[in-house]
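The structure appears right after this line, and notes come after that.
In this text, all values refer to a predicted model and were calculated from it rather than measured experimentally. Every chain is numbered from 1, with letters handed out A, B, ... down the list of sequences.
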There are 2 protein chains.
Amino acid sequence: MSEPSEADRDPETVSRFVEHFAAHLVEAGLPRMPARVFVALLASDTGVLTSAELGETLKISPAAVSGAVRYLAQQHMVSREREPGSRRERYRVHGDQWYEALANRDAVIRRWEDALREGVTSLGEATPAGRRLAETLAFLEFVEKELEAMMERWRTHREERFGRG
Amino acid sequence: MSEPSEADRDPETVSRFVEHFAAHLVEAGLPRMPARVFVALLASDTGVLTSAELGETLKISPAAVSGAVRYLAQQHMVSREREPGSRRERYRVHGDQWYEALANRDAVIRRWEDALREGVTSLGEATPAGRRLAETLAFLEFVEKELEAMMERWRTHREERFGRG
DNA sequence: CGCTTCCTTCAGAAATTTGTGAAGTTAAGG
DNA sequence: CCTTAACTTCACAAATTTCTGAAGGAAGCG
C-alpha cells in the first residue's frame with residue numbers, strides 16, 4: 001500500500017472534494033464554473049494552475065475556463081499572472097486575497113446603502129416605512145464598520161496562529 | 001412643495017424603490033420573486049401585507065407569491081401570520097428578524113466548515129493544499145465567532161439609537 | 001515576418017430556472 | 001353539508017443562463 005504522502009493526491013479524491021465544496025458555494029450564489037475553478041485552485045498544491053490544467057482536471061472547455069476566471073478576477077478572488085516569456089497564463093489563489101474578497105463585499109454593501117438612502121428620502125423619513133428603511137440602513141452602516149475591524153483582528157489572529165504567510 | 005406626509009405613498013414612487021432595491025438583492029444572489037416580495041414588505045407602512053396585496057402591487061400571480069413567500073420563510077426573512085377567523089394569510093417582516101436572518105448564515109458557514117474539514121483530512125494536513133484549506137477553515141471559524149459577537153453589539157447599538165423596537 | 005501556441009470572443013445549442021394557469025386542498029360561513 | 005374564499009401544488013411554457021465548438025487575436029520563437 002502507498003504511503004500517506006503526496007501520493008495521496010489521487011485525482012479522484014481531489015475531484016470529490018472540489019465538487020463537494022463547489023456545490024456549497026453554488027448554493028450560496030456563486031455561479032457553477034467559477035465555483036469549481038476556485039475550489040480547484042484552493043485544493044491545488046501550489047495554489048497556481050494554468051488554464052490548460054484547469055480545463056483538464058475539471059473536464060471543461062478553454063472557453064469555460066476563460067469565463068470562470070474572468071468572473072473570479074473581477075471579484076478579486078484569484079489573480080492572473082503571466083509566466084514571463086510564455087503564452088501560458090497562470091491563475092493564483094493568494095491565501096489572503098480570498099479573505100479580502102469578502103471585505104470586497106463592502107462595495108456591494110455600499111450600493112445597498114445608496115438604494116436605501118434613496119428609499120428613505122422618497123418614502124419620507126417620518127413615515128413608518130421610512131423609519132424601517134432607515135433602521136436597515138443603520139444596520140448596514142454598522143456592519144460595514146464592523147467588517148473592517150473584524151478583518152483587522154483576523155490578520156492579527158492569523159499571524160499568531162500561522163506566522164506570516 | 002408638498003408636505004412629507006403619508007400622501008407621498010405614491011404607488012409609483014414605492015414601486016420604483018422596490019424594483020431598484022430588489023435588483024441589488026438579486027445581483028447578490030437572491031431569487032427575483034423573493035427579492036421583490038421582501039422589499040415590498042420592507043417598504044410597506046405596517047410591514048404586513050396579505051398575499052393578495054403582494055400580488056397586486058407586484059403584478060404577479062398568487063402562485064408566484066406563494067413560492068416567494070415559502071422561500072423567504074425558510075430563510076427566516078419573513079414570518080407568516082394567520083388573521084384569526086379568516087382565510088387570509090399575512091406576511092410580516094419583523095424589523096429585527098431580518099437581521100437575525102443574517103446570523104442564520106451561520107448554518108451555511110457551518111456546512112462550509114464541514115466540507116473543508118473533510119478536505120483537509122482527505123488531502124492530508126501536511127500537504128500544502130491541506131494547509132491552505134486548514135487556513136480557510138480557521139478563517140471561517142473566526143468569522144463565525146465574530147458574527148455572533150457583532151450581532152450582540154448591534155442589538156446594544158440599536159437600542160441606544162432607536163430605543164427598544 | 002510567418003508559424004505556432006494559447007487564450008478570448010461569439011453565436012448558438014442545451015439545460016436550468018422561473019412564472020403562469022388550472023386543479024386541488026383547507027377552512028370559514030351560511 | 002354545501003358554498004365560497006384563499007392559498008398551495010403541479011405540469012408546462014417561456015425566458016434566462018450556461019457551456020461548447022469554431023473562428024479570431026496576441027505574443028513568443030524561429
Classify [X] by what it touches in the nucleic acid, base, sugar-phosphate, or nothing, heavy-atom distance under 4.0 Å.
X       : result
A:Gly67 : nothing
A:Tyr71 : nothing
B:Ser66 : base
A:Arg80 : sugar-phosphate

If you check the [X] side chain, which of [options] turns out closest?
X       : options                : value
A:Arg87 : D:dG21, D:dG28, D:dT18 : D:dG28
A:Ala63 : C:dT8, D:dT20, C:dT18  : D:dT20
B:Pro62 : C:dT9, D:dT8, D:dA5    : D:dT8
B:Ser61 : C:dG21, D:dA5, C:dT5   : C:dG21

Side-chain N or O of A:Ser86 closer than 4.0 Å to phosphate OP1/OP2 of D:dG28: no

Short side-chain N/O contact from B:Arg70 to OP1 or OP2 of D:dT9, under 4.0 Å: yes

Salt bridge [X]-[Y], side-chain N to carboxylate O under 4.0 Å:
X        : Y        : answer
A:Glu113 : A:Arg110 : no
A:Glu53  : A:Arg90  : no
A:Arg131 : A:Glu125 : no
A:Glu27  : B:Arg111 : yes

Nucleotide [N], atom [atom2] - distance to [atom1] of [X] in whole Å:
X       : N      : atom1 : atom2 : answer
B:Glu81 : D:dA6  : CD    : P     : 18 Å
B:Arg88 : C:dG29 : CZ    : C1'   : 15 Å
A:Leu54 : C:dC7  : CG    : P     : 10 Å
A:Arg32 : C:dA14 : CZ    : P     : 18 Å
B:Arg36 : C:dG19 : CZ    : C1'   : 11 Å
A:Ile60 : D:dT17 : CD1   : P     : 20 Å
B:Met33 : D:dC7  : CE    : P     : 17 Å
B:Glu56 : D:dA6  : CD    : C1'   : 16 Å

query: How do B:Lys59 and A:Thr50 order along DNA chain C: which one's closest nucleotide is nearer the 5' end?
result: A:Thr50

task: State whether the side chain of A:Arg82 and the backbone N or O of A:Arg87 hold a donor-acceptor pair below 3.5 Å, judged by distance alone.
output: no

